[in-house]
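One structure below.
Note that the structure is a prediction, hence the values are computed from the model and not measured.
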Amino acid sequence: HVLCDALAQQGNWQELLARAEELRAAFPDSKRRHLASFHIGRACQELGLNERATESFLKTIEETDTVEAAQAQFNLGTLRFAEGNFAEAARLFLRVEMLYDYKDLSAKALYHAAEAFVRAGDEERAALYRKRLKETYPDSEWAKK
């Protein structure tokens, strides 16, 4: 998993995908299999393999409730946003704050949910979540944006 983290930091997505798939195949019952699923999703997302990325992020969420699951949930939102499905993206972003307790990621998700609502043409809901972001996470970089 350390190698996978290093490959991700280097942006070596093809190699990351290969190594994470090897880990997943070699250790299917590992308590850390969610890390391989997450890395597969991340690599696929960066390589433009959105359907496969979605599957891997959903698998990550099924396998754990750690920060990787929260990040996978956020990444699902970014995939839908990139596809132009803004209402769905907003819903997925909001799930990060509802389901997980990671303040920085929750603030980021609220920011992106508000942006998705703007793009979906729902300025009222965007304003609601911008207000919630500023009230709940006033010191976050996302509230300042």
- Query: Are Ser37 and Arg24 side-chain neighbours, meaning at least one heavy-atom pair lies under 4.5 Å?
  - Reply: yes
- For Phe93, check ring-ring contact (aromatic ring centres under 6.0 Å, His included) against everything at least two apart and list the hits. Phe74, His112
- Where is the tightest heavy-atom contact between Ala114 and Ala126, given as atom of each residue plus distance? O-CB, 3.4 Å
- Message: According to ring-ring contact (aromatic ring centres under 6.0 Å, His included), who are the partners of Tyr100, at least two apart in sequence or on a separate chain?
- Response: none
- salt bridge (Lys or Arg N to Asp or Glu O under 4.0 Å) partners of residues 51-60, not counting sequence neighbours, each pair once: Glu21-Arg52
- Task: Return each pair, listed once, that meets salt bridge (Lys or Arg N to Asp or Glu O under 4.0 Å) where at least one residue sits in residues 74-92; pairs must be two or more places apart or across chains.
- Result: Arg80-Glu83, Glu88-Arg91
- Just how far is it from atom CE of Met98 to atom OG of Ser106, taken to the nearest 0.5 Å? 10.5 Å
- Item | Minimum heavy-atom distance Leu92-Leu76, with the two atoms named | CD1-O, 3.7 Å
- Message: Nearest 0.5 angstrom please: Glu68 CD to Asp65 CG, how far?
- Response: 10.5 Å
- Applied to residues 1-25, the ring-ring contact (aromatic ring centres under 6.0 Å, His included) test, sequence neighbours excluded, yields none
- Residue pair Lys108, Val96: steps toward the side-chain contact (heavy atoms from CB on, under 4.5 Å) verdict: CA-CA 9 Å; Lys108 181 179 177 181; Val96 173; over 6 Å; no
- Query: Between Leu35 and Cys4, is any pair of side-chain heavy atoms under 4.5 Å apart?
  - Reply: no
- Transitive ILVMFWY side-chain link Leu58 to Leu49, under 4.5 Å: no
- With sequence neighbours excluded, residues passing side-chain contact (heavy atoms from CB on, under 4.5 Å) with Leu99: Arg95
- Query: Does some side-chain heavy atom of Leu94 sit less than 4.5 Å from a side-chain heavy atom of Leu110?
  - Reply: yes
- Note on the structure: Of all heavy-atom pairs linking Ala143 and Pro138, the shortest is CB-O, 4.0 Å
- Residues at least two apart in sequence or cross-chain that pass side-chain hydrogen bond (donor to acceptor under 3.5 Å, both in side chains) with Glu15, listed by chain then number, are Arg19
Contacts table for residues 115-124: side-chain donor-acceptor under 3.5 angstrom, sequence neighbours left out:
from	atom 1	to	atom 2	distance (Å)
Glu115	OE2	Arg119	NE	3.2
Asp122	OD1	Arg125	N	3.1
Glu123	OE2	Arg130	NH2	2.4

- Item | Contacts of type side-chain contact (heavy atoms from CB on, under 4.5 Å), residue Glu141, not counting sequence neighbours | Lys145
- Side-chain contact, heavy-atom cut-off 4.5 Å: Leu128 with Lys131? no
- Pairs where residues 38-47 contributes a residue and the test salt bridge (Lys or Arg N to Asp or Glu O under 4.0 Å) is met, not counting sequence neighbours: Arg42-Glu46
- Task: Supply the atom-to-atom distance Glu63 CD to Lys31 NZ, rounded to the nearest 0.5 angstrom.
- Result: 14.0 Å
- Give a yes or no answer on whether the side chain of Thr78 reaches the backbone of Asn75 with a donor-acceptor pair at less than 3.5 Å. yes
- Partner residues of Ala72 under the side-chain contact (heavy atoms from CB on, under 4.5 Å) criterion, sequence neighbours left out: Phe38, Phe57, Thr60, Ile61
- Judged by atom type as modelled, is there a donor-acceptor pair below 3.5 Å linking the side chain of Tyr102 to the main-chain atoms of Val67? yes
- Note on the structure: Residue set satisfying side-chain contact (heavy atoms from CB on, under 4.5 Å) with Ala107, at least two apart, ordered chain then number -> Leu133, Tyr137, Ser140, Trp142
- Task: Measure the CG-CD distance between Leu7 and Gln14 for me, rounded to the nearest 0.5 Å.
- Result: 11.5 Å
- Query: Is there a side-chain contact between Cys44 and Leu17 (heavy atoms, below 4.5 Å)?
  - Reply: yes
- Query: Under 3.5 Å, is there a donor-acceptor pair linking the side chains of Thr54 and Gln45?
  - Reply: no
- Query: Are more than 12 heavy atoms from other residues, nucleotides or ligands located less than 6.0 Å from atom CG of Asn50?
  - Reply: yes
